[in-house]
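Everything on this sheet refers to the single structure shown next.
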Amino acid sequence: MSDTVVTRFAPSPTGFLHIGGARTALFNWLFARSLGGKMLLRIEDTDRARSTEAAITAILDGLKWLELDWDGEPVFQFARAGRHREAVERMLAEGRAYRCYATAQELEEMRATAQAEGRPPRYDGRWRDRPEADWPTDRAPAIRLKAPTEGETVIDDLVQGRVVIPNKDLDDLVLLRSDGTPTYMLAVVVDDHDMGVTHVIRGVDHLTNAARQAQIYDAMGWSAPRMAHIPLIHGPDGAKLSKRHGALGVEAYREMGFLPAALRNYLARLGWSHGDDEIFSTEQAIEWFDIADVGRSAARFDQVKLQNLNGHYMRATPDDELMATFRAALPYLPGGLAAIARLDETGRWPALEGALPGLKERAKTLVELLDGARFLLDQRPLSLEPAAEQLLTPEARRLLALLGERLAAIEPWAAPEAEAAVRSVAEEAGVKLGAAAQPLRAALTGRKTSPGIFDVLVALGREESLARIADQAAQRP
RNA sequence: GCUCCCAUCGUCUAGCGGUCUAGGACGUCGCCCUCUCACGGCGAAAACAGGGGUUCGAGUCCCCUUGGGAGCGCCA
């Protein structure tokens, strides 16, 4: 048996790669990789009016960012229009397709009357058996499939199970538009066949298309690939995830500071499960993935859970690796470019690196990481947040002066030494450590919360730290 | 309207007739840890949509109801 598995991800370039498409790509990828097969990429650009170059770029970038690699070069569907027409010629010659001269207006009327009579809106097949003598010469025909009118079309779906669609509910679909361009329905079948696709994994919104496509396969005398129609992803409100309901492009998740690995893990967990496993590596996902474990009900997208997962991933990422990831992501984060400039001019990259362990512990996303690092970016004199301002009572400022003196004397400038100094000051003053640490935090970071204060001291360095302390301590009553 | 699909804690899910007084995760709420915030630890509240069957036995199988969703283009 040398029949290796071939899947494909086939987005239409009419917009960015949204989260649902990303998951479809992931499932195709996981399926192929788990079975040692291939995942092909095909750009469904047969809708010339709506396909854009920008969308193609966005989709490719999105896949790359998610680290979902495909095999071979992307196939552009429109470029294969000649081949698609060829297939139609054959169906025409074999009497499996026919010319339809119905006008758009007639079609519209058909739909309207069907609707009014409570019937499903379908093409009535009026040109199905018309002799050549009736063919008008003032307009070009569309080519329709001569679909079976009786019986049923059965889809043996890997996820949905056996789905039966009565043929009377499927009308004669258009294969070739009157302008001679192939429709999606035709192109998909011909391309999947030519590309040797063995498994089609896509959203359930294509389920009835599968039945129509099965009829085309039949008309061409080809055997259809196995199908797996996965459930859709809904928005937090349970409504369909549309562009108006928070269906963001994957690049938006990059801008929100998510890690590709975390997003992959989260997406994999939406609709698929491996027992109670929640956090797993991509390698494990590949090893465990089984299309049989994909459920049939739609899932809601929960960004809070994604954030939690992302936090896990950030904490689990080794510091040097996270630092590299963070640096690379910075240009995409809000305020990231400004941060890079500041870090460059102050030479505080090493300080950031030093603060990273403390920072990553407190951040769920790279955006939060950047926010946490703000004390490294700010310039003296610091503008204090109101909450920090409140911490700096007259007593606190007196304590700061003492703290400044004592810290100035420590050697080396390191966390244990700093801690010893602060603790002794607190003890002498008869206050708890917090009473000294909090004002210190306010003076050093301008905020009420930050990484461990001794780590902050170290990251900032002796000179900057003492200066910031002095800034606040100096203002004695 | 017609066709098809779906239905376990707020959310994602485990469960593939008896081991379920239904498990895990996120979120929520307590407590502990503690220089703040996080992290971490411990604990709590929280679900089998409803009704009929089948069976010795149903969250698990069947039917109906209800509630969701998808599709019905010379879009993809």
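Below, chain A is the first sequence line, B the second, and so on; all start at residue 1. What you are looking at is a predicted structure, and each value in this text was computed from that prediction instead of being measured. The basis for the numbers below is simple: all heavy atoms, side chains too, and nothing from hydrogens, waters or symmetry mates.
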(message) Using OP1 and OP2 only, check whether a side-chain N or O of T46(A) sits under 4.0 Å from A76(B).
(response) yes
(message) Exactly one of D157(A), D205(A), N209(A) should register a side-chain hydrogen bond (donor to acceptor under 3.5 Å, both in side chains) with H229(A). Which one does?
(response) D157(A)
(request) For nucleotides U11(B) and C74(B), find the distance between their P atoms and express it as a whole number of Å. (result) 38 Å
(request) In whole angstrom, give the distance that lies between atom CE of M185(A) and atom P of A76(B). (result) 9 Å
(request) Provide the distance between the two C1' atoms, one in G50(B) and one in G59(B), to the nearest whole Å. (result) 14 Å
(message) Whether the side chain of R362(A) and the base of C37(B) hold a donor-acceptor pair under 3.5 Å is what I'd like checked.
(response) yes
(request) For G52(B) and A14(B), measure between their C1' atoms and round to the nearest Å. (result) 28 Å
(message) Whole angstroms only, please: what is the CG-P distance between L207(A) and G69(B)?
(response) 17 Å
(request) Considering only atom C1', compute the distance from U65(B) to A7(B) and round it to an integer number of Å. (result) 13 Å
(message) I'd like the C1' distance from C33(B) over to C39(B), given in whole Å.
(response) 10 Å
(request) For C26(B), take OP1 and OP2 only and decide whether either is under 4.0 Å from a side-chain N or O of R269(A). (result) no
(request) Counting Watson-Crick and G-U wobble pairs only, both distances under 3.5 Å, name the nucleotide matched with A44(B), or none. (result) U28(B)
(message) Parallel, tilted or perpendicular, judged at 30° and 60°: which one describes the rings of W135(A) and Y101(A)?
(response) tilted
(request) Whole angstrom is fine here: how far is it from CD1 in I453(A) over to P in U34(B)? (result) 18 Å
(request) Using the P atom on both, measure G23(B) against C16(B) and round to a whole Å. (result) 14 Å
(request) Report yes if at least one side-chain N or O of N308(A) is closer than 4.0 Å to OP1 or OP2 of G27(B); otherwise report no. (result) yes
(message) Let me spell it out: for each of D171(A) and Y266(A), pick the nucleotide of RNA chain B with the closest heavy atom. Which residue's pick is nearer the 5' end?
(response) Y266(A)
(request) Return the 5'-most residue of the pair P451(A), D302(A) with respect to RNA chain B, ranking by each residue's nearest nucleotide. (result) D302(A)
(request) Examine C4(B): is either OP1 or OP2 under 4.0 Å from a nitrogen or oxygen in the side chain of T208(A)? Give yes or no. (result) no
(message) Applying the Watson-Crick and G-U wobble criteria at under 3.5 Å, what pairs with A14(B)? Answer none if nothing qualifies.
(response) none
(message) Is R50(A) close enough to A76(B) that one of its side-chain N or O atoms is under 4.0 Å from OP1 or OP2 there?
(response) no
(request) Ignoring backbone atoms, test whether R296(A) places a side-chain nitrogen or oxygen under 4.0 Å from the OP1 or OP2 oxygen of C6(B). (result) yes
(message) Using modelled atom types and a 3.5 Å cut-off, is there a donor and acceptor pairing between side-chain atoms of D293(A) and backbone atoms of H274(A)?
(response) no
(message) Closer than 3.5 angstrom, by distance alone: can the side chain of T24(A) be matched with the main-chain N or O of R202(A) as a donor-acceptor pair?
(response) no
(message) Under 3.5 Å, is there any donor-acceptor pair linking the side chain of K305(A) to the base of A25(B)?
(response) yes
(request) Report yes or no: does R362(A) contribute a side-chain atom to a donor-acceptor pair with the main-chain N or O of G358(A) at less than 3.5 Å? (result) yes
(message) Base of G23(B), side chain of D276(A) - is there a donor-acceptor contact under 3.5 Å?
(response) yes
(request) Rounded to whole angstrom, note down the C1' distance from U66(B) over to G51(B). (result) 10 Å
(message) Using 0.5 Å steps for rounding, measure from the CZ atom of R269(A) to the CG atom of L306(A).
(response) 13.5 Å
(request) Check whether any side-chain N or O of R423(A) sits under 4.0 Å from OP1 or OP2 of C35(B), and answer yes or no. (result) yes
(request) For U3(B), give its Watson-Crick or G-U wobble partner with both distances under 3.5 Å, or none. (result) A70(B)
(message) Can you tell whether the side chains of E389(A) and R397(A) come within less than 4.0 Å, N to carboxylate O?
(response) yes
(message) With a 3.5 Å limit on both atom pairs, tell me what C37(B) is paired to, counting Watson-Crick and G-U wobble, or say none.
(response) none
(message) With the six-membered base ring of A76(B) as reference, does the ring of H206(A) sit under 5.5 Å away with planes under 30° apart?
(response) yes
(request) Quote, to the nearest angstrom, the C1' distance that separates A70(B) from U60(B). (result) 26 Å
(message) Output the rounded distance in Å from CG (D455(A)) to P (U34(B)).
(response) 17 Å
